[in-house]
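All remarks here apply to the structure that follows.
Numbering starts at 1 and runs along the sequence shown. Atoms within each ligand, like the ligands themselves, are counted from 1 in listed order.
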Amino acid sequence: MDEYLAAIRGRRDEIMARVDAALERAGRAPGSVQVMAVSKTVDVPQVLAAIEAGYRLFGENRPQELVRKLAALGEVEGLPDVRFDMIGNLQTNKINAVLGRAARIHSVSSLHLAEAISSRAERRLAAGELASAQPVLIEVNISGEASKSGFTADELRAAFPRLSELHGIRLQGLMTMAPRGDKSIARATFRGLRELRDELAAAYPACDLSELSCGMSEDFEAAILEGSTLVRLGRVVFNPAFELE
Ligand SMILES: *Cc1c(COP(=O)(O)O)cnc(C)c1O
């Protein structure tokens, strides 16, 4: 594990240098993007190494894994505060497992899901079992690929009045995934997310839409150039063999 720790420490330094350079190129403030370590493909020892290397925000795409890893870390003494966010497809029958445990749910991909999260959260708030409304991001399918989940831009425009009045959730921004492979398409996707956010923020000034969760191992620099405030990095963090271009 020492060798692994050394490898992901070195990798973290490289990632942070690239994040800083992209922020500077974009004329953005240092530190204005959070780096999430997506731990869905690794187990607790690798997460512990990542904590030691300096990561404090983790992402999981399956509720059971998020619950299991949080419970395992809860047994370890002397750990700094770490957060886990839910970033994957969430079925309504799994909402209760992640409510209050996931610091934030990035993958609210339909009005039905938003309403289900909100009503369960309101019930738990009323019972004193939840401290505050569940922070969420709205997942948008900017590229329009049929295989991707999330609101299309038009669906989100139509649903927004209703979304903005759900009391059990606290909107914080938007999330998207770019198509794999083509850098210029990825960048256009991130730009589309930002433009949609700007449009909604102007139309609903009372809503907080400050977060843009976008950018993964292959395209995080393009995402930062287009305004990402949170990059979700899996392979580049945890797999020392992943080649950073
Ligand atoms: C797996 C995953 C990531 C990280 O992907 P990498 O390409 O390994 O960086 C980011 N976001 C979501 C939603 C994921 O499922």
Take atom CD in E145; do more than 12 heavy atoms of anything else shown fall under 6.0 Å from it?
yes

Can T229 and Q34 be said to form a side chain to side chain donor-acceptor pair (under 3.5 Å), step by step?
CA-CA 6 Å; T229 62; Q34 281 188 284; over 6 Å; no

Close residues, ligand 1: non-hydrogen atom nearer than 4.0 Å
V38, K40, I87, M177, R180, M216, S217, R232, L233, G234, R235

If only side-chain N and O atoms count, and only distance matters, is there a donor-acceptor pair under 3.5 Å linking T152 with D154?
no

Using 30° and 60° as the class limits, which term best fits the ring planes of F84 and F58: parallel, tilted or perpendicular?
parallel

Taking the six-membered ring of F220 (Phe, Tyr or Trp), confirm whether the NZ or CZ of R18 is under 6.0 Å from its centre and within 45° of its axis.
no

I'd like to know if the side chain of E139 pairs up with that of S107 as donor and acceptor (distance under 3.5 Å, no hydrogens or angles considered).
no

